[in-house]
Structures are given as C-alpha cells and as structure tokens.
**Q** 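The structure's right below; bear with me while I get my questions together.
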Amino acid sequence: MSSTESELAVLFADISGSTRLYEKLGDTEALHAVDRCIKRMERAVEGYQGRIIKTIGDELMVAFPTADAAFQAAMDMQQRVLNLPPVSGVKLNIRVGFHFGPTIEENNDLFGDTVNTAARMAGLAKAGQIITNAQSLATVSPLLRASTRDVDRLPVKGKAEEMQIVEVLWQETEELTMKAPSIDPTQPLRTVTRLCVRHHGKAYLLDDKTSTLTFGRGGENDVVIEDRKASRSHAKIERRRDKYVLIDQSTNGTFVAFEGEAEVFLRREEIVLRNKGLVAFGHTAASGSTEMEVAQFEYL
C-alpha cells in the first residue's frame, strides 16, 4: 500500500436545498435534479485541471494542482449552478470551501490537515458562498486575490491559533464588490464569553480553550445522543468570537427553545445562541416523548 505526498488545493462543494427538494418532489425527481447540479460542478472541475476524489451524496471532494485553479473552479461552479432554473420552485445552491497545503494520497483518497481544513472551510460557507483562508490566499495570484474580502478570525478545530477566514467574491453585485475592511490580527479579541451545556447530569464548558461541542448518536461525538431520531453527526456548537452558534447537520432537524420564546426549528441551518434555553434532537422539545433527550445551555 503506497502513499504519495504533494501540495494540492483540496475543495469541498455540497448542495444546499436538496433536503427540501427530496421532501417536495420525492426521491426519483429530486435525485435527477441533484445529479444535474453535480454534473454542472463536474464540468467546472474538468475546466481547471481538477480531479474528483470522491462524491458523497450531494457533496464533491476535488483536488487541484494550485490554489488559483481551485479559486477559479469554485467561481465557475457557483455560476453554473446559479444558471440552473428552479425545480418545482426550489432553487438549488452550493456551498464551497477550499484550502491549499500538503496532502497524503493513498488508495485514490486524500488525507491530512489540508483535507480537514478544506472541509472546515466548506462547513463555514453558506449557500452561494465560497470560503477559504488567508494562508491559502497567500498562494493565489494578486489578480484573483483582489476578488476577496476578509470575514473574521475564527477558531478551527485542530488548529492552535484562530484562522483568518476569507470569502471569494464571485458575483458582481454592488454589495460584493465593496471589500470589507481587514481585521488586524495584532489587535486583541474581545473578551471571550463562556457557555455551559448540560446533558444527562454532565456539564460541558465552552470557552477560549474549548471552542466546539458536537452532538450525535456516533460515539465520536462530545455529547452522545441515544435518541433514535438523532443523526450520527447531528449538530454542533462552535464559538465565533464572542458568540456561540448552533449548527444543525441532521436529517430530522434540531429544535431550539430560548427561555420565554417560541421554539425554533433548524434543518441544515444555524442560529446564534442567546441567554439560555433547550436544544432537542429530532423532536420538538414539547413533544413529551420518553425517548427524547434535551440539552440545556446557558451563558455564564
């Protein structure tokens, strides 16, 4: 079993809105629409010397020889998908993230920190966005670099220091052509707030040392949810400067009930946590199911 090491730009792209499409159209029609979207992305990959490593459902993992190629392919992907007409009133969008760095290739798959960071960039992207970071941007040509804007300095799992996150501006709109001011990395961050999460009598503290907390049925999660309606990787909470954001990654969705407010339902969406409240996994917190598990959260 041989492996090779090389520097590559690794890109992840996934389709946003496909869950709603499956619900509305059924499996056969929705699968056809998703397949059309993926084929559009594949054409963009071919045009910039990209190599598709694997397709996982509605997500592509691609390798490019340079960050420039990944940058341009990402913009081409977004434009091609934008040009697709809505399917039964549902508009498909994609989220793209990439990172350039050393990779290990083995058995036609890629491994290493670059792959993990690229996946993290895609996870930060919203529908219609392309996200990378300052480290990757340093290897991009100046002409392309001009079409970016700094977003924020954020903690990235596995990294000792916060990473400067950058958005690629691929649409020529008035909003996007105005570059946001850069954040000075020498300036101290605002005071880090702490969030306490409680589940089954155990407390978990999120602060400047522990910035993420994962939930799901899988044993690899920080908080294991045994509820049968929970997904293996159901949701996560992550710190973004002085706030904590809950991100749903599940099939059945996540319910958030802020104290004194109506419950909010999330599916493949995120919400900034405020004050204190409850999180339920796959059920409404008011369902009364004996199998339902909830987590309590509270800012300290």
Side-chain angles (χ1 to χ4, degrees), residues 10 12-16 18-20 22-23 27 34 53-61 95 97 99 104 106-126 154-159 195-207 209-240 244-257 264-271 273 277-285 287 289-297:
V10 178
F12 285 90
D14 72 359
I15 300 172
S16 175
S18 60
T19 301
R20 187 178 163 211
Y22 278 99
E23 290 175 347
D27 291 350
V34 167
I53 303 300
K54 55 188 170 185
T55 303
I56 311 165
D58 58 5
E59 180 182 63
L60 290 182
M61 175 183 174
R95 305 179 302 170
H99 180 68
I104 300 171
E106 190 175 284
N107 294 332
N108 299 317
D109 203 352
L110 296 178
F111 304 91
D113 181 64
T114 293
V115 176
N116 296 334
T117 304
R120 188 71 187 88
M121 296 301 100
L124 291 173
K126 296 179 181 178
L154 298 177
V156 174
K157 193 171 184 179
K159 299 287 185 182
L195 184 78
C196 181
V197 178
R198 294 181 176 87
H199 174 262
H200 276 188
K202 187 172 181 181
Y204 303 83
L205 184 65
L206 291 169
D207 53 18
K209 295 178 182 177
T210 304
S211 58
T212 61
L213 189 70
T214 59
F215 304 82
R217 286 206 325 270
E220 70 277 7
N221 290 284
D222 300 315
V223 182
V224 177
I225 306 297
E226 296 180 357
D227 193 315
R228 288 180 298 176
K229 285 210 169 185
S231 296
R232 184 171 182 83
S233 296
H234 192 99
K236 63 181 174 180
I237 295 174
E238 66 176 31
R239 177 170 68 87
R240 295 184 186 170
Y244 292 90
V245 178
L246 175 73
I247 304 158
D248 176 74
Q249 304 167 309
S250 70
T251 300
N252 292 322
T254 301
F255 293 80
V256 182
V264 178
F265 175 66
L266 306 175
R267 180 177 284 155
R268 303 287 177 170
E269 297 171 292
E270 60 183 52
I271 192 169
L273 297 179
L278 299 176
V279 180
F281 308 91
H283 299 265
T284 169
S287 70
S289 168
T290 57
E291 296 181 356
M292 182 184 67
E293 295 183 49
V294 297
Q296 299 172 302
F297 64 86

**Q** At their closest point, which heavy atom of A295 faces which heavy atom of F215, and how far apart are they?
**A**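 Taking A295 first and F215 second, the nearest heavy atoms are CB-CE2, 4.2 Å.
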**Q** Indicate the atoms forming the closest heavy-atom contact of D248 with A235, along with that distance.
**A**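 Heavy-atom minimum between the residues: CA-CB, 4.2 Å.
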**Q** What distance do T254 atom OG1 and R268 atom CZ have between them, rounded to the nearest 0.5 Å?
**A**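 One finds 10.0 Å between OG1 of T254 and CZ of R268.
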**Q** Can you give me the closest heavy-atom contact between F297 and L278, atom names plus distance?
**A**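 Scanning both residues completely, I find the closest heavy atoms to be CE2-N, 3.6 Å.
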**Q** How far does CD1 of I271 sit from CD1 of I247, to the nearest 0.5 angstrom?
**A**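 So the CD1 of I271 and the CD1 of I247 are separated by 12.0 Å.
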**Q** Give the intermediate values and the outcome of side chain to side chain contact (heavy atoms under 4.5 Å, CB included) for residues R239 and L206.
**A** CA-CA 8 Å; R239 177 170 68 87; L206 291 169; over 6 Å; no
**Q** My understanding is that only residues two or more places apart in sequence, or in another chain, count here; which of them pass side chain to side chain contact (heavy atoms under 4.5 Å, CB included) with E269?
**A**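 L266.
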**Q** Compare every heavy atom of T212 with every heavy atom of D222, then report the nearest pair and how far apart it is.
**A**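 Between these two residues, the closest heavy atoms are OD2-O, 3.9 Å.
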**Q** Could you tell me if the side chain of S233 sits less than 4.5 Å from the side chain of E220, heavy atoms only?
**A**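 When only atoms from C-beta onward are counted, S233 and E220 do touch, with a gap below 4.5 Å.
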**Q** Grab the two heavy atoms, one from N252 and one from F265, that are nearest each other, plus how far apart they are.
**A**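 Closest heavy-atom pair between N252 and F265: O-CE1, 3.5 Å.
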**Q** Give me the atom names and distance for the closest heavy-atom approach of F12 to A122.
**A**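 Nearest heavy atoms, F12 then A122: CB-CB, 3.7 Å.
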**Q** Report the C-alpha separation of L124 and E238 in whole Å, then their side-chain angles, then the decisive distance to 0.1 Å, and conclude whether the side chain to side chain contact (heavy atoms under 4.5 Å, CB included) test is met.
**A** CA-CA 11 Å; L124 291 173; E238 66 176 31; 3.6 Å; yes
**Q** Counting C-beta onward and ignoring hydrogens, is there a side-chain heavy-atom pair between F281 and D227 closer than 4.5 Å?
**A**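 F281 vs D227: side chains apart.
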**Q** Can any side-chain N or O of N221 pair as donor or acceptor with the backbone N or O of V223 at less than 3.5 Å?
**A**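 Side chain of N221 to backbone of V223, a donor-acceptor pair under 3.5 Å: no, none is there.
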**Q** Would you please name every residue forming a side chain to side chain contact (heavy atoms under 4.5 Å, CB included) with S231, sequence neighbours left out?
**A**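 S231 satisfies side chain to side chain contact (heavy atoms under 4.5 Å, CB included) with H234, S250, T251 only.
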**Q** Would you say the side-chain atoms of T214 pair up with the backbone N or O of K236, donor to acceptor, closer than 3.5 Å?
**A**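 No; zero donor-acceptor contacts below 3.5 Å.
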**Q** When you look at H99 and R120, which way does the side chain to side chain contact (heavy atoms under 4.5 Å, CB included) test go after all the steps?
**A** CA-CA 9 Å; H99 180 68; R120 188 71 187 88; over 6 Å; no
**Q** Given 3.5 Å as the limit, does a donor-acceptor pair link the side chain of R217 with the main chain of A230, or not?
**A**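 Yes.
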**Q** Please examine the side chains of I56 and M61, heavy atoms only from C-beta on, and report whether any two atoms are closer than 4.5 Å.
**A**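 SC-SC contact between M61 and I56 ruled out.
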**Q** Working to the nearest 0.5 angstrom, can you tell me the gap between E106 CD and I104 CD1?
**A**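 Atom-to-atom, E106:CD and I104:CD1 are 8.0 Å apart.
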**Q** Quick check against the 3.5 Å criterion: does E293 have a side-chain atom that pairs as donor or acceptor with the backbone of E226?
**A**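 Yes; at least one donor-acceptor contact below 3.5 Å.
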**Q** Examine distances only and state if a side-chain atom of N107 and a backbone atom of D109 form a donor-acceptor pair shorter than 3.5 Å.
**A**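 No; zero donor-acceptor contacts below 3.5 Å.
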**Q** Measure the CG-CG distance between N116 and L110 for me, rounded to the nearest 0.5 Å.
**A**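 Between N116 CG and L110 CG, I get 11.5 Å after rounding to 0.5 Å.
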**Q** Is any NZ, NE, NH1 or NH2 atom of the basic residue among R95 and D14 found under 4.0 Å from an Asp or Glu carboxylate oxygen of the other?
**A**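 Judged by the 4.0 Å cut-off on N to carboxylate O distance, R95 and D14 do form a salt bridge.
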